[in-house]
Amino acid sequence: MLLNANTNAYHAVSFSGFYSMPGTGKAETRNGEMTMTRPTRTKTGKIGTAAGTALAVAAVFSGTALPAAAQTGTSVDDEQTMETITVTGTRTSQGRPVSSIPGSMTVIEGEELQKQTRTSNDMGEILSNLVPGLGASSQSLTNFGQQLRGRDMLILIDGVPQTTPLRDVSKHLRIIDPSAIERIEVIRGSVATYGYGATGGIINIITRKGGGEDTRYRTSAGAHGQSGYSAAQSVEGGSGPADFALNLSARETGGYFDADGERIAPDAFGQGGGLSDSKELNLQGQVGYQLTDTQRLRVAANAYRITQDTNYVTDDNPDDPAYAMRGDPPGDNPGTQDVSLTLDHTLEEFLGGTLSSQLYYQDYQTKFTWFEGYETGPGQSELISEKYGARVAHERGLPAGIFAVYGLDLLQDTTSQSLIDGRTSVPEIEQLSYAPFLQLEWPVARDWMLRGGVRYENVRLDVPTFANETYNNPTTLRGGELTYDETVFNVGAVYFLTDRQELFASFSQGFSVADVGRVLRSASASGAASDVEAIDPEAQVVDNYEIGWRGSFNRVDASVSAFYNTSDLGTTFDNDLNIQRQKEEIYGIELTADWRVSLPWTVGGSYSWQEGKADTDDDGDVDDYLPVTRISPPKLTAYTEYATGRWDARLQANHFFARKHDDYAAAFGGVDTDAYTVVDLGIGTRVGHGTLDFGVGNLFNEEYTTPLGTVYGDFRQSVPGRGRHYSLSYAVRY
């Protein structure tokens, strides 16, 4: 478990998605039932943040003695208020103590997130800095190849799914500005309890809330890179039973340059625009109202748009990296826009417990760049996805100290991908799904906590008759209905070694439907079938096993976890970018440590290693290594932070080790990658009535290529990483 040095801004914790009462070490009455709880771990002092130094890692995991000040409870620790740390789950209305959760999770609080924006506004890069097991950012609009524990992640905003599983376009980490975020919860590992698509984990973005009787404002403005700027205005507060929060932000990003000062191509990956030469606008707001003493209503909306408007194109020299040259890109400006609406209702004292309900709507569109390679002529494709959904959960206590959460999820999703001139690539697929679930928690003894649950997934897809009109002479596929149903389970246990140490173990299954849109368009183009029902791409179930330990020792917090996940129907792309299904096994370890050295100083770190293989000859045994688009190279993150009441400085490093094998599976991304280290420096200080933030990304101007940039070097042109860049901003709260 990692706790933030200065602002309580980062907690690397574990989580399985459901509610547990904060323990007090005594009997508690909960929904009419008596339950014995252990004392929950408390926060004593300022402990470090997400990344850490190798020194701290070595000290914790080798048993090296720490300085006396770190071994004993001094005034440095005692001056902090004791505080129970809980995590709010999207399935229930309450929080739960971290110490009783049999799994791995990372929580990034808003203040820590804002510190990271001193050097980068790229959500993929920020999360890679802070989350063990998450791969490197592409430094572009796409998060393709940035997997969590080697598998796909489900991305949510306040519990509303943002991903488009019917046609996965991998652009869903860029859907909200960091200034509108209160915290981010990252569940690491397959998650059965949240629905399909979470085979690698969940990233749940929690937006800022209002509250209090006074109205509070925040105004900020900044300059970034060589020609970028940003501005944001927020207001939040409340009056009587009502509360509100509103955040408006705008950002214009200039060009990206490598370590040699060469301008990087603005859309080097061809995935529908990059972050350079882009304009972003985000409006997020919500209103809450306490209807009665036992009822609360909340309405929230998020509108986000990013558009790339550039006067540069990728150079036409295949022997060079993807540099930019002057030119007007053909077609419309690429980009993404997303609108989501949420209505939440909480009713306490209902049938002996609390009823939580949520209705949501999402309208998502993304436009790719102009593509010359279509057989029927060049064009520009656009994906459109519209979702309606409902989630209902009831939580209550049962005899013998058991706590139960049960409910139902409903979703209707309509997704299509066509060229803007009308040619169909992926037809309008309609999905209707429902999923009842049950989760139980049972403190079987003073030192043991058991959790387990079951979820039934039922998915129906309606596909119309269509032909892929981007190919000459495509096969017309007769429409039909595809149905999937699967029951998935999870079970876990926590053993409390002491009040500050736990061992945990868990088994959890994840469920997903393969990228049906890509399968259908490939089948029509190749003539592999003439009937949708004959294709029937099978669903994927991932079995995830995890064991771990976590502990807190005065000024040191540390954790160790090991995982293994397997699936009989993994999903990778072959060299022609068609989906192939084969047995896969992925395994790894994750270590975290934070050490409060003295009052102003904190160091800490994380190390994550993962590997995976696939059964490429269909003999039942995995043999060849999975590509780098699935398996992240080993990652070591390290930081040191100095914080006083007036200013703070953070020096952090991300090191990706080389990954090289002789026998990759025949898949897109089966290439070796080189090691590299990126060091960032961020400084914040009070100036006048506000805070001045300064950041230097890639402080030592490292020349490198990201893993995905290396993959594209084998496919087309390599994409260099971003060189040294600067950021300066000023914010005032009033």
Side-chain angles (χ1 to χ4, degrees), residues 4-10 46 49-50 108-123 125-127 129-130 174 176-184 205-212 214-238 243-254 275 278-286 302 304 306 639 641-652 680-697 725-734:
N4 182 261
N6 177 36
T7 62
N8 307 329
Y10 178 85
K46 303 174 180 179
T49 52
I108 307 165
E109 297 291 353
E111 199 161 347
E112 176 64 20
L113 185 65
Q114 293 304 310
K115 287 184 179 181
Q116 292 292 319
T117 61
R118 293 169 180 169
T119 56
S120 176
N121 201 58
D122 175 8
M123 190 66 72
E125 193 165 2
I126 291 173
L127 291 173
N129 290 340
L130 302 178
R174 180 62 68 162
I176 189 171
D177 191 81
S179 63
I181 299 173
E182 180 177 294
R183 73 178 184 277
I184 301 175
I205 298 171
I206 311 297
T207 56
R208 291 188 179 276
K209 308 293 189 295
D214 60 326
T215 300
R216 303 173 298 280
Y217 301 87
R218 183 180 187 273
T219 303
S220 65
H224 315 276
Q226 292 193 343
S227 57
Y229 72 87
S230 65
Q233 176 66 55
S234 67
V235 56
E236 58 188 47
D243 59 83
F244 62 90
L246 182 68
N247 190 85
L248 175 64
S249 62
R251 173 178 291 263
E252 181 169 331
T253 302
L275 299 178
S278 66
K279 297 179 181 179
E280 298 174 69
L281 187 64
N282 183 213
L283 175 63
Q284 198 285 325
Q286 54 191 281
N302 181 67
Y304 174 83
I306 181 171
Y639 85 97
E641 183 168 311
Y642 181 88
T644 66
R646 185 171 183 82
W647 69 283
D648 67 272
R650 178 186 176 95
L651 184 69
Q652 65 183 26
D680 301 325
L681 173 64
I683 300 173
T685 183
R686 294 180 186 175
V687 175
H689 296 288
T691 302
L692 182 68
D693 288 326
F694 172 70
V696 185
H725 51 280
Y726 302 90
S727 176
L728 183 67
S729 62
Y730 186 71
V732 179
R733 298 180 186 271
Y734 50 99

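Listed here is the closest heavy atom pair of P178 and T117: CB-CG2, 3.8 Å. Counting all heavy atoms, side chain and backbone alike, D680 lies closest to G697 at OD1-CA, 3.4 Å. Here the shortest heavy-atom pairing between V687 and Y730 reads O-OH, 2.6 Å. Heavy atoms only, all atoms of each residue included: M123 and I184 are closest at SD-CD1, 3.9 Å. Listed here is the closest heavy atom pair of I126 and S120: CD1-O, 3.5 Å. Residues L130 and E112 approach most closely at CD2-OE2, 4.2 Å, considering heavy atoms.
Two residues are said to be in side-chain contact when any heavy atoms from C-beta on lie closer than 4.5 Å; L246 and L283 meet this criterion. Side chains of I176 and T207 form a contact here, defined as non-hydrogen atoms less than 4.5 Å apart. The shortest side-chain heavy-atom distance between T685 and F694 does not fall under the 4.5 Å cut-off.
Of the N and O atoms on the side chains of S179 and D177, at least one donor lies less than 3.5 Å from an acceptor on the other residue. Side-chain atoms of N282 and N247 form no donor-acceptor pair, as typed in the model, at a separation below 3.5 Å. Inspection of the E280 and Y304 side chains reveals an N or O donor paired with an N or O acceptor under 3.5 Å.
Atom NZ of K209 sits in a crowded spot, with more than 12 heavy atoms from other residues, nucleotides or ligands closer than 6.0 Å.
Using cut-offs of 30° and 60° for the angle between ring planes, the W647 and Y642 rings count as tilted.
To the nearest 0.5 Å, atom CG of residue N121 and atom CD of residue Q116 are 11.5 Å apart. Within the model, atoms CG of L127 and CG of D122 stand 9.0 Å from one another, a figure rounded to the nearest 0.5 Å. Taken from CG in L248 to CD in Q284, the straight-line distance is 11.0 Å, to the nearest 0.5 Å. One distance of note links CD of E236 with OG1 of T215; it measures 9.5 Å at 0.5 Å rounding. Going from atom OG of S729 over to atom NE2 of H224 covers 6.0 Å, rounded to the nearest 0.5 Å. Note that CD of Q233 is 8.0 Å distant from OG of S220, once rounded to the nearest 0.5 Å.
The main-chain N or O of A232 is never found under 3.5 Å from a side-chain atom of R218 such that the two would form a donor-acceptor pair. In this structure, the side chain of R650 does not engage the main chain of D648 through any donor-acceptor pair within 3.5 Å. Between the Q286 side chain and the R208 main chain, a donor and an acceptor come within less than 3.5 Å of each other. Between the side chain of H725 and the backbone N or O of T119, at least one donor-acceptor pair lies under 3.5 Å.
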Quiz item: Can you check side-chain contact (heavy atoms from CB on, under 4.5 Å) on F244 and V235, steps first, answer last?
Solution: CA-CA 8 Å; F244 62 90; V235 56; 3.9 Å; yes

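Legend: residues meeting salt bridge (Lys or Arg N to Asp or Glu O under 4.0 Å) with D693, ordered by chain and number and at least two apart, are R118.
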